[in-house]
Amino acid sequence: MPLHRRHLIDVADFSRDEFDTVLDTAVSMRQVLDRPIRRVPTLRGKSIVNMFFEPSTRTRVSFELAGKSLSADVINVAASGSSVEKGESLVDTFHTIQALGADMVIIRHACAGVPDLAARHLDCGVVNAGDGLRGHPSQALLDLFTVREHAGDLEGLKMVIVGDMLHSRVARSDIWAFARMGAHVYLSGPPTVLPPDFGNLLNGDGMVRVEYDLDRAIEGADVVMALRIQKERMAGGLLPDLREYARRWGINPARLRRADRQVLLMHPGPMNQGIEISSEVAYGEQSVITEQVTNGVAVRMAILYLLLTGAH
Ligand code: CP
């Protein structure tokens, strides 16, 4: 089934079929990456511009590798070194990128809504690589892919996401994606950064629940995802000190034993080891954190392929 979209701005309005389309396409893309020569000519002649106005390692590099594996020309633009530094407006920058002939622009920005703004001003496709606190759709897709590879089906899985929900674009996108695919999503973390109404996401249909007691939330979980503690939030008094946070909401071996024996441990990265996740479990048997990073390339190849080949 084709993806009837030109842009990937958010996953909040994705249907199950659309998620499946991207995930199924990513399976084929991973086969390309498993070959001795990891390149196909599918997007030869297309130009992809990576515009990252915030730091990134995983997302930026994997979009670059994804584009190059499909034989597209990939150009990287960072805020520092671009004319934005000289005061050029974002809209003027978009018009400039358009005039240079881009077929796809991939944008990360600290402000929510910048990818929507780009989509309004550009004739080419736009992919949101993380905007403010709003969304990180390609991360949600690679997280779904990683779990589906292990579990086969997402329907009925118990997933726990733990951390600062209020300031996490990854959490927002993952909650939508996993709940839409039939998983039961439990949210845990300090009440100051986990408002009770997060349980009403997806129209309060019971797929998303808030449980402040992590030991209770994690009981029998199939998937546990720890979110990065954004230390800058602590200054505002929103989070307890790091030791207290690790004690109550950190993922460690004892806590993980309360989950299902086959539990998958995830983290979108970058990690603060010893705070939201202990070093023993971060690279332990149950961790799929490195797989998440690897799968990011195949999933982003699928996104670029589906949006750029007119399969919409
Ligand atoms: N998960 C994620 O977005 O990582 P980067 O900030 O390194 O891209």
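When a ligand or atom number is given, it counts from 1 through the structure's own listing order. Quantities reported herein were computed from a predicted structural model and do not represent experimental measurements.
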| Does some non-hydrogen atom of R108 fall short of 4.0 Å from ligand 1? | yes
| query | Which of the atoms of ligand 1 are close to T57, meaning less than 4.0 Å from one of its heavy atoms? | reply | 5 (P), 7 (O), 8 (O)
| query | Identify the closest protein heavy atom to atom 2 (C) of ligand 1: which residue and atom is it, and at what distance? | reply | T59 OG1, 3.6 Å
| task | Verify, without hydrogens or angle tests, whether K158 (side chain) and A217 (backbone) share a donor-acceptor contact under 3.5 angstrom. | result | yes
| request: Indicate yes or no: does an N/O atom of P268 lie under 3.5 Å from an N/O atom of ligand 1? | output: yes
| query | Heavy atom of G130 under 4.0 Å from ligand 1? | reply | no
| said: Classify the ring geometry of H95 against H121: parallel below 30°, tilted from 30° to 60°, perpendicular beyond 60°. | reply: perpendicular
| said: To check your reading of the model: name the closest protein heavy atom to atom 4 (O) of ligand 1, its residue, and the distance in Å. | reply: R58 CD, 3.5 Å
| Got a second to check how far H184's NE2 is from L154's CG, nearest 0.5 Å? | 11.5 Å
| Side chains of F178 and L157: closer than 4.5 Å at any heavy-atom pair? | no
| field | Residues Q292 and D143: side-chain donor-acceptor under 3.5 angstrom | value | yes
